[in-house]
Amino acid sequence: MPMQDFSYIELSPGAAPIGLKTIPVLNYPDFAEQIAGLMKAETVHCVLYYAFPFNNGLKFIAILAVDATGKFLVFSHETTAGVTDLESITPQIPALHLFEREIHENFGIGFQHHPWLKPVRFSADRYQKDLTMNDYPFYRIDSEELHEVGVGPIHAGVIEPGHFRFICNGEKVLHLEIQLGYQHRGIEKLFLNAGSTLRRAVLSENIAGDTTVGHAVTHAQLIESLAGITINENLQKERAIALELERIAVHIGDTAALCTDVAYQFGQVVNEALRTTIINTSQLWCGNRFGKGLIRPGGTNYPLTVPVIESMLKTLDNTGMRYRDITDNIFTAPSILIRFDGIGTVTRSQALSIGAVGMAARMAGIPRDIRATHPSGYYAGIKYEPEIQDTGDVLARALIRNLEARKSIEMVKEWAAQLSPVTRHPSPIGSGVSAVGSKPSSFAMAVNEGWRGEIAHAAVTGPDGELVHYKIKDPSFHNWIALALAVRNQEISDFPICNKSFNLSYCGHDL
Amino acid sequence: MFRSIKILRQHGIQYVPNLRTAELTSLFRGRPVLSGEVSAELATNLAKMCPSGAIQQAPFSIDMGKCIFCRECEFAAPDNIRFTNDYHIATNNRDNLIIKENHDNPIVLNPDLVRKEIRTLFRRSLKLRQVSAGGDASNEMELNAAGNVNFDMGRYGIEFVASPRHADGVVITGPITENMAEALQICFDATPKPSLVILCGTDAISGGLFQESNALNRNFLSRHPIDLYVPGNPVHPLTFINGVLDLIGRE
Ligand code: SF4
């Protein structure tokens, strides 16, 4: 298909909802060819590809992000009842592998020639209800020399569940397969039956606790877009501050975790204490250390007040300085560097082919950062320069955290200092049972750069303006496979540090 | 070397000296107090508004086992509802979590309900296995924080361990998903008896926001007695530590 024949609708970040009918509907061969054709360019990646029940059949929606233009391309395909097989696009574009698996799991579409058409999370509404968690078809190698190591679902530490199945040659990992789904609690469906705007807002805060603000802001933007609400610049800035505080807290916390895994206890305790100062700043701001309760569509119950700003600035000054000192220690200690350097490498071409996003892309030289390429809200008015490393190893991931935490500390200091504190600007839903209205028969989406990478929410409304479909994507959805690739040919004892260096979300993936 | 000494000096003393009396910011959302006369109409509206079904109209009450502490009801009815920063809200009696009108008393643990062997066996050393079953990982982060340099619950001999074989009980977070139900049961069965069950966070206590989800399987809870309910979304480290100290009978 020549370029000019591409058929899609182009959306800017933060755009108003579009009529569902305005999204071009392609027949499947054209649809598949268009995805594959557009994604040949490495500056185009898939944000979301999903299906939902529509007119007795299914509607497939693809959302691609184009870095050069800063736009999203949206197009669709519709099946009638009874279509069960389609040709897989994954052999051409491996980044789609999990999206196709999800559609397969939910609706029984058999993607022909998909190399790996396995369950994703054993969702409660899966097509094949007779299959359960214990039926996961792990890859196996029959061999006298190799052995398997199974870890989980319950892990040694206080973390979320997931099952890791290693195939090892002695101490060396040949292959890792990760089975997820243990955290699946059907959250997407709860958005539909939520009954109130408030209930949805709090649900969005509970998608992934370490990304409370990221998901809540993304959801709020989507609801605002559907309701035609615009928020003032002050509130946009406050949301950006909250997003960056979340990033700072997690990056510092993960710096501590990386120190734990290489037995550098000094670095661990100092960074843990520094992380505490940041999450306690959130607590001072809104009463919750993770920012739960802070973000609401159309407003907030917790505007930044002068005392909070002053305390925030003081904390960031002090914590910033101490974080610089301790990370200067970390990144100059040969005993630590030898445990980071060249460990758990994901190459640039691997990261591109799996469609890695956020930190997991930037560590391998891919400049993917929504704040720079598709900024919305407050970020639309600033020029953000992403932090890029190119070695793709634990060291690169550790450095990205370090550099981003430092940069975000400086950004928040600058923004908070200029912020004109306002009086309370309560959300229209703050008091209310009444839902904000929303545009009927429409499609709306919102994308933000959370600390892990891009968070995307997309919604479809029916003729009465009620939500008929809600789709959530946590960046972990793209990036889990990066962890599996990172540990290939590594000592199995390096698995924990590889895992920590990504720190992916189980609940964000399992939904 | 000099940098390390500088870092150490700035690090200073981090631990919270008294975990029983430490004060949290006034905005922290802990135990609610309901006061004044709430009209039937207001009660109905609040019950309808509450995102997790924690508010009952008649008699007007808030169930902390269902409440996710969003504070929206207080914004809607500031004259009648006030969330205090009292984080001592864990108890072993599920009914104690239901806050009624004009009831401004601390949440207490009922010592008569504590199994005798718990206090004799675990008073000075308690090892726990945490099982995450569908939460959003914020409770897990707070439980990790309970052992960090600030809260340091290890000072009481309370610790999380890797193997259920080494554990005196399980701490459950999350609403308990169908996909995790079997692993939870296997884990609990692997702990030597007697073994505690602690429900940590609103999700675990009642299902919280996920009560109506078809992806849950909470049958485990009807098979085993619950020794401690720790409300929160997420649970604050101080709530958890104080609840456990009360349970094992420490001052
Ligand atoms: S604070 Fe609790 S009781 Fe009040 S509305 Fe929120 S969940 Fe309901």
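Residue numbers start from 1 in every chain, and the chains themselves are labelled A, B, ... in the order their sequence lines are given, proteins ahead of strands. Predicted model only: the values in this text are computed from it and were never measured.
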Does any backbone or side-chain atom of [X] lie under 4.5 Å from a heavy atom of chain A? Answer side chain, backbone, both or neither.
X	value
P78(B)	neither
A133(B)	backbone
F28(B)	both
V149(B)	both
Q10(B)	both
N233(B)	both
V171(B)	neither
I176(B)	neither
A181(B)	neither
S4(B)	both
N148(B)	both
L209(B)	both
Y15(B)	neither

Using only atom types and a distance under 3.5 Å, with no angle test, would you say the side chain of [X] pairs donor to acceptor with the backbone of [Y]?
X	Y	answer
N144(B)	V158(A)	yes
R185(A)	G134(B)	yes
R29(B)	C286(A)	yes
N179(B)	G181(A)	yes

Name the region of [X], side chain, backbone, both or neither, that has any atom closer than 4.5 Å to a heavy atom of chain B.
X	answer
R121(A)	backbone
E205(A)	backbone
F122(A)	both

Provide the closest heavy-atom pair for E160(A) versus A137(B) in the form atom of the first, atom of the second, distance.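 Closest pair (atom of E160(A), atom of A137(B), distance): OE2-CB, 3.4 Å.
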
Identify the heavy atoms of L27(B) and Q283(A) that sit nearest to each other, and give their distance.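 Shortest heavy-atom separation between L27(B) and Q283(A) comes out as CB-O, 4.4 Å.
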
Taking it one step at a time, do S138(B) and D210(A) satisfy side-chain hydrogen bond (donor to acceptor under 3.5 Å, both in side chains)? CA-CA 6 Å; S138(B) 55; D210(A) 57 17; over 6 Å; no

If you measure only the distance, is there a donor-acceptor pair under 3.5 Å linking the side chains of N134(A) and E182(B)?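 Per modelled atom types, N134(A) and E182(B) side chains form a pair under 3.5 Å.
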
